[in-house]
Amino acid sequence: MGEQPIFSTRAHVFQIDPNTKKNWVPTSKHAVTVSYFYDSTRNVYRIISLDGSKAIINSTITPNMTFTKTSQKFGQWADSRANTVYGLGFSSEHHLSKFAEKFQEFKEAARLAKEKSQEKMELTSTPSQESAGGDLQSPLTPESINGTDDERTPDVTQNSEPRAEPTQNALPFTHSAAISKHWEAELATLKGNNAKLTAALLESTANVKQWKQQLAAYQEEAERLHKRVTELECVSSQANAVHTHKTELNQTIQELEETLKVKEEEIERLKQEIDNARELQEQRDSLTQKLQEVEIRNKDLEGQLSDLEQRLEKSQNEQEAFRNNLKTLLEILDGKIFELTELRDNLAKLLECS
């Protein structure tokens with residue numbers, strides 16, 4: 001079945017600065033999809049995230065990894081294989097907690113898978129080690145193939161009869177000597193074969209070391225090729241995720257365009273309000289100028305009024321003085337008229353007397 005996504009979420013991706021080992025460096029401009037993948041063929045769990053076609057996270061989960069929550073919306077883990085520390089910023093504490101739970105779950109699954117794999121390897125290697133050890137511990141000898149002298153001679157001893165009859169024992173002794181020569185020749189042949197097998201065993205041991213070195217090199221090359229294949233599979237397997245992400249981006253763009261239209265309408269409204277405010281400001285400035293002119297004119301009128309009041313007061317004072325003078329003149333005139341009347345009366349009396 002290959003590698004399949006089993007859990008996905010969205011987060012901002014960061015990596016620790018390789019120079020300072022303190023500052024976080026963002027590897028994505030916006031929130032991207034971060035997924036857990038399970039490879040059923042290798043029984044491996046991985047965390048993978050793509051920014052476009054670029055893999056910004058490719059981390060294999062191992063039993064010794066730990067996901068740490070450093071804040072309510074941020075978490076991190078160290079990847080010794082990639083020689084870096086990854087950080088994820090989530091939109092809410094719930095998403096962070098869910099991602100941490102999945103990390104712990106898949107970490108435990110990876111540990112169990114590793115233990116099962118080690119048990120299988122031990123069960124597979126134990127019989128071969130026992131068979132190899134048995135062969136090395138029991139070298140080829142004539143006794144191991146043909147038995148010991150005690151095992152070879154029973155037939156002879158059983159068939160032999162008491163020495164009281166030498167004529168009957170001559171044939172077994174002759175037969176035993178022939179058998180001994182046969183076994184000596186067989187023993188020499190076996191010793192030669194044993195030497196050849198020992199040389200072949202030494203040569204095989206040297207070849208095994210060379211083969212192990214070649215196997216290690218092949219394993220490294222296979223691991224590199226597998227990583228490359230995994231990256232390509234990741235790109236292909238996340239095609240749907242990329243398509244979904246593209247759809248989400250299109251929706252986001254549409255929402256942003258609608259928001260932009262609303263903002264443009266609001267800007268137009270604000271422009272009209274600014275124009276109205278400018279007109280009101282101009283009217284206010286005009287009225288202020290007119291008010292200043294009226295105030296200046298009012299001051300002039302107040303000056304004129306004060307002048308007139310002073311002149312009026314002066315005129316009133318002059319009129320009062322004129323009235324007083326006129327009264328004085330009237331009084332004097334009345335006195336003079338009275339005197340003239342008396343004089344006329346006196347003159348009339350004088351005329352009458354004369």
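Both backbone and side-chain heavy atoms feed into the values below; hydrogens, waters and symmetry mates do not. We number each residue from 1, following the sequence as shown.
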Q | Atom of Phe90, atom of Arg10 and distance for their closest heavy-atom approach | A |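 So the two residues come closest at CD2-O, 3.9 Å.
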Q | Donor-acceptor contact below 3.5 Å, side chain Ser71 vs main chain Phe74 | A |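 At least one qualifying donor-acceptor pair exists.
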Q | Pairwise side-chain contact, Val32 with Ile56, heavy-atom cut-off 4.5 Å (strictly under) | A |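 They are in contact (side-chain heavy atoms under 4.5 Å apart), so the answer is yes.
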**Q.** Closest non-hydrogen atom pair, Ala100 against Lys69
**A.**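 For Ala100 and Lys69, the tightest heavy-atom pair comes out as CB-CE, 3.7 Å.
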Q: Without swapping roles, check the side chain of Ser315 against the backbone of Arg311 for a donor-acceptor pair under 3.5 Å.
A: no
Q: Let me see the working for Tyr36 and Ile48 under side chain to side chain contact (heavy atoms under 4.5 Å, CB included), right down to the final yes or no.
A: CA-CA 6 Å; Tyr36 285 99; Ile48 296 175; over 6 Å; no
Q | Among Tyr45, Phe7, Phe99, Phe67, ring pair (Phe, Tyr, Trp, His ring centres under 6.0 Å) partner for Phe106 | A |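 Single pass found, and it is Tyr45.
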Q.
Can you give me the closest heavy-atom contact between Leu88 and Ala11, atom names plus distance?
A. CB-CB, 4.2 Å
Q) Do you reckon Val34 sits in the same ILVMFWY cluster as Trp77, going by side-chain contacts under 4.5 Å, direct or chained? A)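 As far as the 4.5 Å side-chain criterion goes, Trp77 and Val34 are connected within one cluster.
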Q: May I ask you to test the Arg111-Glu115 pair for a side-chain heavy-atom distance under 4.5 Å?
A: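 Sidechains of Glu115 and Arg111: in contact.
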Q) Is the closest side-chain heavy-atom distance between Leu312 and Gln316 below 4.5 Å? A)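 The answer is yes, as the side chains (C-beta and beyond) meet within the 4.5 Å cut-off.
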Q: Say whether Leu96 and Val85 are linked into one hydrophobic cluster, either directly or through other cluster members, by side-chain heavy-atom distances under 4.5 angstrom.
A: no
Q: Could you go through the side chain to side chain contact (heavy atoms under 4.5 Å, CB included) check for Lys336 and Glu339 one step at a time?
A: CA-CA 5 Å; Lys336 295 295 182 181; Glu339 290 177 356; 3.9 Å; yes
Q | For the student: nearest non-hydrogen atoms of Thr20 and Asn23, plus distance | A |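 Distance-wise, the nearest heavy atoms are OG1-N, 3.4 Å.
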Q | Flag side-chain contact, heavy atom, 4.5 Å: His12 against Pro26 | A |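 A side-chain contact is absent here, since even the closest heavy-atom pair is not under 4.5 Å.
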Q) Between Thr27 and Val13, is there a donor-acceptor pair closer than 3.5 Å when you use the side chain of the first and the backbone of the second? A)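 Answer holds: yes.
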Q. Looking at Lys54 and Asp51, does any basic side-chain N land under 4.0 Å from a carboxylate oxygen?
A. no
Q. Is there a side-chain contact between Lys98 and His95, using heavy atoms and a 4.5 Å cut-off?
A. no
(Q) Please check: side-chain N/O of Asn194 versus main-chain N/O of Leu190, any donor-acceptor pairing under 3.5 Å? (A) no
(Q) Grouping I, L, V, M, F, W and Y whenever their side-chain heavy atoms are under 4.5 Å apart, do Val44 and Ile47 come out in a common cluster? (A) no
Q) Among the clusters formed by ILVMFWY side chains lying less than 4.5 Å apart, do Ile337 and Leu343 turn up in the same one? A)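 The answer is no; the residues belong to distinct hydrophobic clusters.
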**Q.** Distance (rounded to the nearest 0.5 Å) between Ser306 OG and Glu313 CD
**A.**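 Between Ser306 OG and Glu313 CD, I get 10.0 Å after rounding to 0.5 Å.
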Q) Do the side chains of Arg278 and Asp275 get nearer than 4.5 Å, heavy atoms only? A)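 With C-beta onward as the side chain, the pair touches.
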Q) Any side-chain heavy atom of Lys107 sitting closer than 4.5 Å to one from Thr66? A)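 They are in side-chain contact.
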Q. Would Arg269 and Glu273 pass as an ion pair if we require N to O under 4.0 Å?
A. yes
Q) Going only through I, L, V, M, F, W and Y residues with side-chain contacts under 4.5 Å, is there a path from Met65 to Leu112? A)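 Shared cluster, no.
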Q: Verify, without hydrogens or angle tests, whether Asp307 (side chain) and Gly303 (backbone) share a donor-acceptor contact under 3.5 angstrom.
A: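 Not a single qualifying donor-acceptor pair exists.
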Q) For the residue pair Tyr86 and Trp24, is the inter-centroid distance of their aromatic rings smaller than 6.0 Å? A) no
**Q.** Under 3.5 Å donor-acceptor, Ser49 side chain and Thr33 backbone
**A.**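 Flag set: sc Ser49 to bb Thr33 pair under 3.5 Å.
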Q) Would a 4.5 Å heavy-atom cut-off, applied to side chains only, mark Leu340 and Arg344 as touching? A)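 Side chain of Leu340 against side chain of Arg344, heavy atoms only: no contact under 4.5 Å found.
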